[in-house]
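In what follows, a single structure is set out as structure tokens and then discussed.
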Amino acid sequence: MSSRVSIFASPTSWIESGAVDQCHQVAALPGMRHVAGMPDLHPGKGAPIGAAMTSSVLYPFLVGSDIGCGIAVFPIRLKRPVPEKLAARFPDLDVVDHSFLDAADVPGGYTESLGTVGRGNHFAELARVGTVFDSDHAERLGLAAGDLVLIVHSGSRGLGERILRAHTEVHGAGPAQDPAAYLAAHDDAVRWGSLNRRIMAARIADALGADHEPPIVDECHNSVEIRDGLYLHRKGAANGDRRDVLVAGTRGTPSFLVAGHAGEEASFSVAHGAGRKMSRADALRRGRAKHTVEELRRTPLGSLVVCGDRQLLFEEAPTAYKRIEQVIGDLESFGLATRVVSTVPMVTYKTADVARERKGRR
DNA sequence: ATGTGC
């Protein structure tokens, strides 16, 4: 059985060779039919990130540990948004607030860390709609230039990790022997991730004294689905089959809400973000020489980044990522998606700001 | 990515 690798990136887009190698390694796995690399493709742990991988057997490691990770967009209204004041009022999304869990029907019964953002590339951001590229589509979503939105990127925390570990402890990187059982646990994690994002949005809106609405976009990018009798794994790739997707920029550049039009050749998928250009280790080493903490906490866009962890701040520096405009341009030129609006960060929460808390307690 | 691994 032959299997193909297709990379949806223009020759001028930077794709690390290691990530393409990983695509071919995955394509050589038993039962594999097709690997579609998105323009944000970069190397991951064992499998590429930014890829949709289709096979006749289910490989849990291709989804990874953060099953159900995704990005949701919630319209929010605020009277006079001042980034400095709002940043100071953001809730501590590193810890659970039990008052938001009472009414929640928690998938998998896993209540630990529900409503918390986690680490890595996860964030919760207050942003304003910048450029409107497709006014009809934006209007259907209820969006106009200047409107405020909450963007929440997070996943299933310890739950997804537990599900993958239960599989790998027995089968390693091998396929699921009981796909239905894995899928049932996976679906719990997908629902949990979505609930996690909603609870965070509610916590933020409450802390800012704002009204917010249900999400207008909520697509996960680590998942597996059965499509045409095959397992379609997505790792750092969102469902782009006539779905709207928020493709995340960086903590210092805009993001793009796009309309997905991806067909079978692209495994019905679109990119999930800018994609890392540097490893975390490289970003930390080079970032320390290149940036100050101050410039990473107050971006050229005038937005603020709440992040009490200096290492994470450097790892997540905008320069550690590819240019989001290039990624979006590739999605458009390959016909996978079209721009609807851009969003411009005002306050991005990464992790609690220890410096601020210490000051407040004095 | 992860209540984290050798």
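Quantities reported herein were computed from a predicted structural model and do not represent experimental measurements. Here is how names work: the chains are called A, B, and so on, in the same order as the sequence lines, proteins then strands, and each is numbered from 1.
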Please lay out, stage by stage, how A:Ser269 and A:Ser267 fare under the test side chain to side chain donor-acceptor pair (under 3.5 Å). CA-CA 5 Å; A:Ser269 301; A:Ser267 298; 5.6 Å; no
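- The closest donor-acceptor contact from the side chain of A:His186 to the backbone of A:Val224 lies under 3.5 Å.
- Between A:Arg203 and A:Asp206, no side-chain nitrogen of the basic residue sits less than 4.0 Å from a carboxylate oxygen of the acidic one, so the salt-bridge criterion is not met.
- Remark: A:Arg162 is not positioned above the aromatic ring of A:Tyr110, lacking an NZ or CZ atom under 6.0 angstrom from the ring centre and at most 45 degrees off the axis.
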Polar pairs (N or O, both sides) under 3.5 Å between protein and nucleotides 2-4 of chain B?
from: B:dT2; atom 1: OP1; to: A:Arg157; atom 2: NH1; distance (Å): 3.1
from: B:dT2; atom 1: OP2; to: A:Arg119; atom 2: N; distance (Å): 2.7
from: B:dT2; atom 1: O3'; to: A:Arg157; atom 2: NH1; distance (Å): 3.4
from: B:dG3; atom 1: OP1; to: A:Gly158; atom 2: N; distance (Å): 3.3
from: B:dG3; atom 1: OP2; to: A:Arg157; atom 2: NH1; distance (Å): 2.6
from: B:dG3; atom 1: OP2; to: A:Arg157; atom 2: NH2; distance (Å): 3.3
from: B:dG3; atom 1: N7; to: A:Glu112; atom 2: OE1; distance (Å): 3.0

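- In this structure a side-chain-to-backbone donor-acceptor pair under 3.5 Å is missing from A:Arg276 to A:Ala274.
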